[in-house]
Amino acid sequence: MEKDKLLLIDGNSIAFRSFFALHNSLSKFTNKDGLHTNAIYGFNKMLDNILAQYQPTAALVAFDAGKTTFRTKMFDNYKGGRSKTPPELSEQMPYLRELLTGYGIKSYELPDYEADDIIGTLSKEAEEQGYSVTIVTGDRDLTQLSSDKTTVAVTKKGVSEVEEYTPSYVEEKLGVTPQQIIDIKGLAGDTSDNYPGVTKIGEKTAIKLLKEYGSVETLYEHIDELKKSKMKEHLIEDREQAFMSKKLATIKRDAPVKISLQDINYEGKNEDFLINFYQKMNFKSFLSQMNQTAADVDEEIKFNILDEQNIEQLKNLPDEICFYLEMLDKNYHLSDFCGFVIGTPENIWVSDDIELLNNAVIKNLLGSSTTKVNLFDGKRTYVGLHRLGIELDNINFDILLQSYLLDTNDNSNDLGQLAHEHNYNQIDTDAEVYGTGAKRAVPETTILLKHLARKVKAIQVLGEQLQAELVDNKQEKLYWEIELPLSIVLAKMEISGIKVNSDRLHQMQSEFTERLAEIETDIYREAGEEFNINSPKQLGEVLFEKMKLPVIKKTKTGYSTAVDVLEKLQGESPIIDNILNYRTISKIKSTYVEGLLKVIHSNDQKIHTTYLQTLTQTGRLSSIEPNLQNIPIRIEEGKKIRQAFIPSHKGWHILSSDYSQIELRVLAHITGDKHLQEAFKNGEDIHSSTAIRIFGLKDASEVTPNIRRQAKAVNFGIVYGISDYGLSQNIGISRKDAKKFIETYFKEFPGVKKYIDSSVELAKEQGYVETISHRRRYLPDIHSSSFNLRSFAERTAMNTPIQGSAADIIKIAMINMEKELETRNLKTRMLLQVHDELIFEVPDEEMAEIKKLVPSVMDSAIKLDVPLKVETSWGNTWYDAK
DNA sequence: CTACTCACG
DNA sequence: ACGTACGTGAGTAGA
């Protein structure tokens, strides 16, 4: 007969692990009733893997019965201070039981005991009856149960991979036997379960003591033999705690479990039950594994298929309509079109015939200033329509923008997904309908048309709902006066594009190729072998193993070879300088020279970037395909890339205007700090003024370049949410000195200190911080028990209003600038935005006007308590506009 | 697909 | 005692 194999699963622990493993995609895992399903999904994955791997003959999932157990009776504070189970997880627990029913696995709980004790008791019974046992848990403490018959499988970072603890593996990993784990806990305590152990003894010391004495009991029998020390005093003092903690850590193996091994035979899953369950949970991948398809969104939808004959009927549409233009490729400057939908939820018209858009009826509707158009991603739609020769005039609701303003995290480019995030479930996600990655394609026509039809209703319902939420949040102005008009400005900038001199790039390409080859031979000679210099792994081996250079810093996977490390090694060997050079040049060559050449449109020799307006957590824009916001400027060789960016017409120039120290000016404004404001009002060099104050200097004559550099770093540090360590690393001083700088800074600029404290306070109270234009960023981690997460949230609480308000200001300037260009009927085009800088191409005859107009529009974008300063320059290329 | 590195504000 | 600056995108290596 086949050997009996028992599988015991720690239900609560696995549910927790699954929940947090998929926490980032929490919003992606919901069913149509808005139930979160991530923990259920993760649990299911784990079950599939474990069952396939171990093929048990009996199985049970043990759950904790409640908060109070015999342990809490022993020690009030047991598991005290734990934060509450998130509601998004609690709501999944009943369904988890349902899932187990589908798998034919019993679950069990026992009042006054924890899941561990059930597992301990049953595994003992099973061992006695000759079973081999596997325990699955996320909690390493259970490894105390491992024996020659019992393996404890502890989940690794995900939940589907496990690490198997046998007694020998426990010894190898922890240096003690499974039985001694409770002794470690007795001496060291457990912070997550909140019991104490012995003062000042941590895991390391506990293991050392146990190696010598074997157990808590023997240790105390020999306590007198210990040399006189603080540790000995603590041990004697905390004797009772040690014994109690050991007892708390000990898993019961004789709990009054009322279920027997015969009751939990595993006979396989109930497929029909599971199919039904998966449909309810919207688990498409599990369904397709079972050759089943997902239940369709349940509401039928009525729509008309548009054609040449019935198109006149669109004239009957009201003055508020919805529209969606489908382009499957992310890059809408190049994507094919595959269909569109127009109408109202009551009167939907769909087609996959793009030619129809050129019909005057549609052109008039979309181009009409009196017909309001609701849509998803106005900028994308505007650019797409523009390529088809159609103007879009009057956007009303853009649900992507609305959603992003309400919560910067709800910004999916997939309409269906975004709808689900707002609990609208009568539509599938685009990813489901079209597929992702290489499998992305247009589905059969009926599916396509139906999906498009559903978009109309989703847009209308969500548009109204989200607008009401914007009103509640006092974010209406932000939507109507900033983001919505900005989306059109950005569309126009993207459409304009910027002309590129590809001959110049090609010329640079061959220069760089030659230089790289030279440096490469030098590096190989110095290393004594050929290797891939671009591989940090190979480079690390050459530098630190073969050449035996001192290791400065390590990464997770090996030696760090980042610039700051290499700079510390300069002088150790000439190879370092060559590597630094190689890195610089190869970066410029591959990312910029070759990268940019790849994205020049062949029809107009221009680059058309895409701005992401709904991505950043602060309100800044980002630029992709290509990123035109990180073209080199700091190093001369890289800066030359800018020579390839030229005006699109002869006799025009590139003009660039940038805000000077906008973030520090915003800081002066929102903190209200008198000294900081004074410095700006007097037009002082802000870094020098800071230097004078924090170093206690007489006047500017005492400010050396080095002192100014340090003060500058302090100013940056303040804006980023300073730490003494961060500052010390940045300017290479001791942590102590850095701390002193910061303290002096806060003494000299008390308004700033007050602001930092109050913004953290505010974030804690209301859950979010906001900019001067009421742009919000939620900071749930501000309450985290993890020091790291919490500190990060605290720094962003103070940085986001500053970075975000600066973003608000330049956005307003861009809208005003575009308006001026239009009303003055100028040919000048705004081409790029680089966070605090705007770049234009200007015909010579307009130069005199523009070089006054741009700075005046920019510095009057908003009225702060300190003046805004703008610096302008121009030239034949972007490089020369300096 | 993740880690590392490096370009910008 | 923790382990650190804020916000981005892209190329390459190597699983």
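Every chain is numbered from 1 and lettered A, B, ... according to where its sequence line falls, protein lines coming before strand lines.
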Just jot down the side chain to side chain contact (heavy atoms under 4.5 Å, CB included) partners of A/K230, sequence neighbours excluded, or say none. A/E233, A/H234
Mind checking salt bridge (charged side-chain N to carboxylate O under 4.0 Å, His left out) for A/R380 and listing every partner two or more places apart, or none if nothing turns up? none
By the 4.0 Å heavy-atom rule, please label A/V719 as base, sugar-phosphate, or nothing. nothing
Hey, does A/I631 reach any base, or is it just sugar-phosphate, or nothing, if we go heavy atoms under 4.0 Å? sugar-phosphate
What residues, two or more places apart in sequence or in another chain, satisfy side chain to side chain contact (heavy atoms under 4.5 Å, CB included) together with A/K546? A/E529
Interatomic distance, A/R795 CZ vs C/dA5 P [rounded to whole Å]: 7 Å
List for me each residue that meets side chain to side chain contact (heavy atoms under 4.5 Å, CB included) alongside A/A807, sequence neighbours excluded, and say none if there are none. A/R620
Are A/D880 and A/R642 ion-paired here, with the side-chain N under 4.0 Å from a carboxylate O? no
In whole Å, I'd like the distance from the CH2 atom of A/W878 to the P atom of B/dC8. 11 Å
Looking at the side chain of A/Y720, which of B/dC6, B/dA7, C/dA5 is the nearest nucleotide? C/dA5
Choose from C/dT4, B/dA7, B/dC6 the nucleotide whose nearest atom is closest to any side-chain atom of A/R583. B/dC6
With A/F741, which residues qualify under ring-ring contact (aromatic ring centres under 6.0 Å, His included), at least two apart? A/F695
Atom of A/M547, atom of A/S573 and distance for their closest heavy-atom approach: CE-OG, 3.7 Å
Check A/E511, A/E637, A/E594 against A/K589 for a salt bridge (charged side-chain N to carboxylate O under 4.0 Å, His left out) and give me the one that passes. A/E594
Atom CG of A/D781 and atom P of C/dC6: how far apart are they, to the nearest Å? 13 Å
Within the 4.0 Å heavy-atom criterion, would you say A/A713 contacts the bases, only the backbone, or no part of the nucleic acid? base
Length of the NE2-P vector between A/H835 and C/dG7, whole Å: 13 Å
For atom CD1 of A/I733 and atom C1' of C/dA5, their distance in whole Å: 14 Å
Considering residues at least two apart in sequence or located in another chain, which fulfil the ring-ring contact (aromatic ring centres under 6.0 Å, His included) criterion with A/F746? none
Does the ring of A/Y559 carry A/K553 above it, NZ/CZ under 6.0 angstrom from centre and within 45° of its axis? no
Going by 5.5 Å between centroids and 30° between planes, is there a stack of A/F787 over C/dC2? no
Please state the C1' separation for the pair C/dG3 and B/dC8 - nearest whole angstrom. 26 Å
Could you check whether A/I588 gets within reach of a base, just the sugar-phosphate, or nothing at all, counting any heavy atom under 4.0 Å? nothing
Separation of C/dT4 C1' from A/I731 CD1 (nearest whole Å): 15 Å
Whole-Å distance, A/R735 CZ to C/dT4 C1', equals 9 Å
Would you kindly compare A/N788 and A/N799 by the position of their nearest DNA chain C nucleotide and give the one closer to the 5′ end? A/N788
Under 4.0 Å from OP1 or OP2 of B/dT5: is there any side-chain N or O of A/T561 that close? yes
Taking C/dA5 as the reference, what is the distance to B/dC4 when you measure between their P atoms (whole Å, please)? 14 Å
State the dot-bracket string of DNA chain C. Criteria: Watson-Crick or G-U wobble, both atom distances under 3.5 angstrom; notation: ( ) intrastrand, [ ] crossing earlier pairs, | interstrand, . unpaired. .....|||||||||.
Side chain A/Q629 and base B/dC8 donor-acceptor under 3.5 Å: no
Taking the P atom in each of B/dA3 and C/dT4, what is the distance between them to the nearest angstrom? 14 Å
Assign A/R777 to base, sugar-phosphate, or nothing according to its heavy-atom contacts below 4.0 angstrom with the strands shown. sugar-phosphate
With heavy atoms under 4.0 Å as the rule, sort A/T800 into base, sugar-phosphate or nothing. nothing
Atom-pair distance (CD1 on A/I839; C1' on B/dG9), nearest Å: 11 Å
Would you give a per-nucleotide map of nucleotides 8-15 of chain C, 5' to 3', where B means the base has a protein non-hydrogen atom under 4.0 Å away, S means only the sugar-phosphate does, and - means neither? SBSSSSSS
For A/R634, which contact category applies under a 4.0 Å heavy-atom criterion: base, sugar-phosphate, or nothing? base
Proximal nucleotide (of C/dG3, B/dG9, B/dA3) relative to the A/T557 side chain: B/dA3
Qualifying residues under side chain to side chain contact (heavy atoms under 4.5 Å, CB included), relative to A/D193, sequence neighbours excluded: A/Y78, A/K79, A/R82, A/D141, A/D190, A/Y195
